[in-house]
Q: 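Dumping the structure here so I can ask a few things about it.
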Amino acid sequence: MLIIIKTISLLIQPLALAVQLTANITAGHLLIHLISSAALGLVSVNIVLSSITLIVLFLLTILELAIAIIQAYVFTLLVSLYLHDNT
């Protein structure tokens, strides 16, 4: 019984990591999409406010890139640890 539980645990860990990574990527893309839509809508109303929104969008894109690099490192590290546990 303990072997079955341990096997299921080892199979679920990478799946949970993949779900977390997918959720983080989706949330970042959704936020960038929403802010860019707001900036596009503000162009006809107020050009200064639209410019500020575009600057925020640019900074958010840089943050998203940094988070992607960190997530790639953590994903690689955890997959390596999971594979080491399985061998």
Side-chain angles (χ1 to χ4, degrees):
M1 186 68 174
L2 185 61
I3 294 172
I4 296 172
I5 293 172
K6 185 67 174 174
T7 304
I8 291 172
S9 170
L10 289 174
L11 292 175
I12 289 177
Q13 284 177 343
L15 293 175
L17 179 64
V19 168
Q20 180 184 3
L21 183 65
T22 304
N24 287 338
I25 291 171
T26 303
H29 282 70
L30 182 63
L31 186 61
I32 287 174
H33 178 72
L34 289 174
I35 291 176
S36 63
S37 297
L40 186 63
L42 287 173
V43 168
S44 62
V45 176
N46 190 350
I47 194 74
V48 175
L49 190 58
S50 177
S51 299
I52 292 171
T53 308
L54 286 174
I55 291 171
V56 169
L57 181 64
F58 177 72
L59 294 174
L60 185 64
T61 304
I62 292 173
L63 178 66
E64 183 77 16
L65 181 64
I67 289 172
I69 291 169
I70 293 169
Q71 284 181 343
Y73 172 73
V74 169
F75 183 79
T76 304
L77 181 68
L78 288 177
V79 166
S80 173
L81 290 173
Y82 292 158
L83 289 175
H84 183 0
D85 284 346
N86 288 335
T87 56

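Just so you know, these numbers use all the heavy atoms, side chains as well, and skip hydrogens, waters and symmetry mates.
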Q: Just wondering, are more than 12 heavy atoms of other shown residues or ligands nearer than 6.0 Å to CG in Leu59?
A: yes
Q: Same cluster or not: Leu42 versus Ile47, using hydrophobic residues (I, L, V, M, F, W, Y) connected whenever any side-chain heavy atoms lie under 4.5 Å apart?
A: no
Q: Any donor-acceptor pair under 3.5 Å linking the side chain of Thr53 with the backbone of Leu49?
A: yes
Q: Could you tell me the separation between the CG atom of Leu34 and the CG atom of Leu30, rounded to the nearest 0.5 Å?
A: 4.5 Å
Q: Might you point out which heavy atoms bring Ala39 and Ser50 nearest each other, and give the distance in Å?
A: O-OG, 3.2 Å
Q: Taking all atoms of both residues into account, what is the closest heavy-atom pair of Leu21 and Gln71, and its distance?
A: CD1-OE1, 3.6 Å
Q: Which heavy atom in Ser44 sits nearest to a heavy atom in Gly41, and how many Å separate them?
A: OG-O, 3.5 Å
Q: Find out if a path of hydrophobic residues (ILVMFWY) with successive side-chain heavy-atom gaps under 4.5 Å connects Phe58 to Leu40.
A: no
Q: So does Thr76 get a backbone contact from the side chain of Ser80, meaning a donor-acceptor N/O pair under 3.5 Å?
A: no
Q: If hydrophobic clusters are built from ILVMFWY residues whose side chains come within less than 4.5 Å, do Leu17 and Ile25 share one?
A: yes
Q: With clusters built from Ile, Leu, Val, Met, Phe, Trp and Tyr whose side-chain heavy atoms come within less than 4.5 Å, directly or transitively, what are the remaining members of the cluster of Leu11, listed by chain and number?
A: none
Q: Find out if a path of hydrophobic residues (ILVMFWY) with successive side-chain heavy-atom gaps under 4.5 Å connects Ile70 to Leu77.
A: yes
Q: Hydrophobic cluster mates of Ile35, side-chain heavy atoms under 4.5 angstrom, ILVMFWY only, any path?
A: Leu31, Ile32, Leu54, Leu57, Leu60, Leu63, Ile67
